[in-house]
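Here the structure is a predicted model, which is why all the values come from computation and not from measurement. Note on naming: letters A, B, ... go to the chains in the order of the sequence lines (proteins, then strands), and numbering restarts at 1 for each one.
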There are 2 protein chains.
Amino acid sequence: MDHFEELKKICVGRTTNAPAELCCYAADGSQIKGKPDYVLFPHTTEEVSQILAYANIHLIPVTARGAGTGMAGGAVPVQGGILLDLSQMNRILSIDIDNIQVTVEAGLIADKLNEALKPYGFFFPPDPGSAATCTIGGQIANNASGMRCVKYGTTKNYVLNLEVVLADGTVIETGRNCLKSSAGYDLSRLYVGSEGTLGIITKAVLKIAPIPQARKLVMVSFPSPESAGLSVSRVFAAGVIPSACEILDKTSVSVLTKLDPNIIFPRDGDVVLFEVDGSKNAVDESAEMLAKACEEMSSSILITDDPAKMKEIWDARRMVGAAVSKLDPTKTRVYAGEDLGVPIRKLPEAISKVYEITNEVGITPMIYGHVGDGTVHVGLFIDVLDENDWKKLHIAADKLHLAAIELGGTVSSEHGIGAARGMYLEKQCGPAFEVMKAIKKALDPNGILNPGKLGL
Amino acid sequence: MDHFEELKKICVGRTTNAPAELCCYAADGSQIKGKPDYVLFPHTTEEVSQILAYANIHLIPVTARGAGTGMAGGAVPVQGGILLDLSQMNRILSIDIDNIQVTVEAGLIADKLNEALKPYGFFFPPDPGSAATCTIGGQIANNASGMRCVKYGTTKNYVLNLEVVLADGTVIETGRNCLKSSAGYDLSRLYVGSEGTLGIITKAVLKIAPIPQARKLVMVSFPSPESAGLSVSRVFAAGVIPSACEILDKTSVSVLTKLDPNIIFPRDGDVVLFEVDGSKNAVDESAEMLAKACEEMSSSILITDDPAKMKEIWDARRMVGAAVSKLDPTKTRVYAGEDLGVPIRKLPEAISKVYEITNEVGITPMIYGHVGDGTVHVGLFIDVLDENDWKKLHIAADKLHLAAIELGGTVSSEHGIGAARGMYLEKQCGPAFEVMKAIKKALDPNGILNPGKLGL
């Protein structure tokens, strides 16, 4: 039987197996590679259901893909088979302010949702760095979250209900369109972060939040990355929950100041950018309390609510990952060991450990990340034409992952496990890994859903 | 083999099968009954593990119990077997402010945790009405939440990591002690709300939050319960997220005013109690915005931050469920159909529906609940010696549950399914119920964990 001919009947005129096009689907933001046999562009849940029912009978691997911005190979079809490109299922189906919720298709670009919500004075808080291009479905499948989760929580806190197509084509709803329910197992949260291995998310009902009236930025410079790390728990203990809390180490800051010598960053240390939001007066109070909590440990403090200055600073922060490659044109940033998470109190130790490991291996690191929730993003730069550099990179990434586990943390804070980190999951989870395997086996007995991921 | 003799060797001196004691374990806050064969009082995870390993081999049902305050029979051993009383595993193992987390044993009373946290200026936000007596383990197993979740989220938002004993005695950790992780399936949230059917929760690592500086109460009276229901979405749309949002219908208010004629409740309508919290100025601003959003629809508005007045009002609100029975000593409140949840916009319709159903059946209802998240608690009062009243009660509860499903809501917002609502879960979940069954089968293949619950 010619599978592609059969599948063409489901997605009429929306399929491809042209070699050049297949190559476009063989990678994501990571180093993982794997070419699909065919790419399908479904427009409806019914089509996804038919595709899965067919694949399940004929044991064809199915990998879902949104925008392909993942950092761990989650959307890369490492065992070939069907690539389900969901980017054409991208409608906003309802904006329901009275119920504080929206219903969207999985292929919607994350930022498009916030654009549509803005006129209503609402927003969808979880904001991965890739929000301008990533899809909501991919964001949910990876529990990708970003800068705001210190205060607002991660993507999983905003999922009320999902429409999911199971391995055999059955369509389920994982919850109810209401804000609270205690009725059976929380399937919504089981599917958040499951990376397409238990079913394909086709629609999502998401909670939204009112846009805060005001924001204020507090930029604090510290004499060491360790004291920068320590500041976070001091701020919490002072009773302030910042809406963002980002660290930029000396290397990151020097990159930014070289790119733009007029940039208003301090030149003298490791920087933490705190943002507070809320009503006008609340923001003033919180900024003051926050500055006070950092005062003793810091070298300098800048407080601003000037929109232009805030934009300049946040734009610089967003650029930092890409910007470094401009420093040395022979070096490229490669995503590996880039998404560590640790308990907040272990931040200073984790930061020291990153420097120790990269120093030992001989790679220059830069550190940035959402330290308010213990996320340590590590940037590693190599000459991609130098085989020895690749070796160093892999050694460093391996050591970084193991260090995160050792510190009681996680090998992925928000990018997911995919194929890039599957080998660490059992080590991190211990016997709980067997529970994950049992769930996978129960819900995907034929193993067609995104095989080769999560180390399962 | 005499199972009790074998089990005594695990919990030496901490077991009973005395008939009088077994009777004490045959019920909870619901109408569900079921006597265990033996009660064990483990002190360690290791003991729980040994008990489960034994029970799994010998196919003995195991039901975990905290304080027995459940409203749906979750802790009632409807198929006999082992009752695991976890109330002696009640230690606070660590309070770690720098990491914004605590580690506790499952049998700890919820309020004890908040007492211990108070000196640090922190608290554990989810507060079920039974917090003075219920255990943290029971709270987690039911995702019980209470008044504050409009702003703070439910119990599931605060669980970082759980120690769980599986059916075969294996001990797992469901997550990591860090604030964010995207590494494999979210087992923590799978166990929250699983009501002891997938494993026994023995320890919990919980996120905590700083105690807000200030609180303010806005008591608004409305001409109808429907307009009271509608006020909630108006307040949200105005950009205010109250920390509590409780409705008391005319019947509830009249109960309170009869009990205490001097109480400061308005006499003229259905009341919503809004509370806002945060920094001093933020609270003033929010209270003002909130009052403005309700102004047009309301009959009267009272704003207060007088601690004595606030205490009086909240104490009255907490008493309402129990207080009604004082009105008519021949009637007792029975918990059935008491925990509906609906999308916020459906609140007015749900409230009308409750009156319509109870009117038709011939029972006087009272309505209160956390309307900020769509929870409608219904109080039904019967003469418990009158068989006909029991019949009416069951008919009304059945209709109420079906109405909640019909309105796109849930048969349980925060009390759980247990044995009392198992028959509705499949209707509510549709084909997703099969997914729950598959997970149950995968993780408890011998069906020893709390059998007869969730309709599984």
Trainee: Using modelled atom types and a 3.5 Å cut-off, is there a donor and acceptor pairing between side-chain atoms of B:Asn281 and backbone atoms of A:Ala282?
Mentor: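 Looks like no, no N/O pair under 3.5 Å.
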Trainee: Under a 4.5 Å heavy-atom cut-off, does chain B meet the side chain of A:Thr170, its backbone, both or neither?
Mentor: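 A:Thr170 touches chain B through side-chain heavy atoms alone.
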Trainee: Once you round to the nearest 0.5 Å, how far does CD1 of A:Ile100 lie from OG of B:Ser233?
Mentor: 8.0 Å
Trainee: Flag the one option from B:Ser188, B:Ala72, B:Ser412, B:Ala442 with the top tally of heavy-atom pairs under 4.5 Å to chain A.
Mentor: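 Option with the greatest count: B:Ser412.
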Trainee: Would you mind checking which part of B:Thr375 comes under 4.5 Å of any heavy atom in chain A, side chain (CB onward), backbone (N, CA, C, O), both or neither?
Mentor: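 Just the side chain, heavy atoms under 4.5 Å.
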Trainee: Counting only heavy atoms closer than 4.5 Å, note whether B:Val171 contacts chain A via side chain, backbone, both or neither.
Mentor: backbone
Trainee: Answer with side chain, backbone, both or neither: which region of A:Leu456 has an atom nearer than 4.5 Å to a non-hydrogen atom of chain B?
Mentor: side chain
Trainee: Under 4.5 Å heavy-atom distance to chain A, tell me which part of B:Leu160 shows up: side chain, backbone, both or neither.
Mentor: neither
Trainee: Minimum heavy-atom separation for B:Leu179 and A:Ile344, please, with both atom names.
Mentor: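 The pair with the smallest heavy-atom distance is CD1-CD1, 3.4 Å.
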Trainee: Checking heavy atoms, do the side chain of A:Glu414, its backbone, both or neither come under 4.5 Å from chain B?
Mentor: both
Trainee: Between CE of A:Met436 and OG1 of B:Thr174, what distance do you get to the nearest 0.5 Å?
Mentor: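 The distance works out to 9.0 Å.
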Trainee: Please flag which part of A:Ile241 lies under 4.5 Å from any non-hydrogen atom of chain B: side chain, backbone, both or neither.
Mentor: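 The side chain, not the backbone.
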Trainee: Relative to chain A, which segment of B:Val435 carries a heavy atom at a distance below 4.5 Å: side chain, backbone, both, or neither?
Mentor: both
Trainee: Give, for atom OG of A:Ser182 and atom CD1 of B:Ile417, the distance between the pair rounded to the nearest 0.5 Å.
Mentor: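 Spacing of OG (A:Ser182) from CD1 (B:Ile417) equals 7.0 Å.
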Trainee: Considering only heavy atoms, which portion of A:Thr154 lies under 4.5 Å from any heavy atom of chain B: side chain, backbone, both, or neither?
Mentor: side chain
Trainee: Side chains of A:Asn143 and B:Asp186: does their closest heavy-atom pair fall under 4.5 Å?
Mentor: no
Trainee: Tell me, out of B:Val283, B:Ile405, B:Ile211, who's got the most heavy-atom pairs with chain A below 4.5 Å.
Mentor: B:Ile405
Trainee: Quick one: which of B:Gly193, B:Gly409, B:Gly430, B:Pro431 has the most heavy-atom pairs under 4.5 Å with chain A, could you say?
Mentor: B:Gly409
Trainee: Which atoms form the tightest heavy-atom contact between A:Phe122 and B:Phe236, and what is the distance?
Mentor: CZ-O, 3.4 Å
Trainee: Side chain, backbone, both or neither: which part of A:Lys440 has a non-hydrogen atom closer than 4.5 Å to chain B?
Mentor: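 It is both, since atoms from each part get that close.
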Trainee: Just verifying a value: how many Å separate B:His370 NE2 and A:Lys180 NZ, rounded to the nearest 0.5 Å?
Mentor: 4.5 Å
Trainee: Which atoms of A:Lys280 come close to chain B, meaning under 4.5 Å heavy atom to heavy atom: side chain ones, backbone ones, both, or neither?
Mentor: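 For A:Lys280, the contact with chain B is made by backbone and side chain together.
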Trainee: Need one label for B:Asp284: side chain, backbone, both or neither, based on atoms under 4.5 Å from any heavy atom in chain A.
Mentor: neither
Trainee: Under 4.5 Å heavy-atom distance to chain B, tell me which part of A:Thr155 shows up: side chain, backbone, both or neither.
Mentor: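 Neither the backbone nor the side chain of A:Thr155 comes within 4.5 Å of chain B.
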Trainee: So which part of A:Tyr424 gets closer than 4.5 Å to some heavy atom of chain B, the side chain, the backbone, both or neither?
Mentor: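 Nothing of A:Tyr424, per the 4.5 Å heavy-atom cut-off to chain B.
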Trainee: Could you look at B:Thr197 and say if it's the side chain, the backbone, both or neither that has a heavy atom under 4.5 Å from chain A?
Mentor: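 Looking at B:Thr197, backbone and side chain both touch chain A.
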Trainee: Measuring heavy-atom distances to chain B, does A:Asp339 have an atom under 4.5 Å in its side chain, in its backbone, in both, or in neither?
Mentor: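 No part of A:Asp339 comes within 4.5 Å of chain B.
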Trainee: For A:Leu230, is it the side chain, the backbone, both, or neither that has a heavy atom closer than 4.5 Å to a heavy atom of chain B?
Mentor: neither
Trainee: How long is the gap from CG on A:Asn157 to CG on B:Asn157, to the nearest 0.5 Å?
Mentor: 4.5 Å
Trainee: Donor-acceptor pair, B:Arg176 side chain versus A:Gln428 backbone, under 3.5 Å?
Mentor: yes
Trainee: Who passes salt bridge (Lys or Arg N to Asp or Glu O under 4.0 Å) against B:Glu434, sequence neighbours left out?
Mentor: B:Lys437
Trainee: Just verifying a value: how many Å separate A:Asn99 CG and B:Leu347 CG, rounded to the nearest 0.5 Å?
Mentor: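 Between A:Asn99 CG and B:Leu347 CG, I get 8.5 Å after rounding to 0.5 Å.
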Trainee: B:Ser194 versus chain A, heavy atoms under 4.5 Å apart: side chain, backbone, both or neither?
Mentor: both
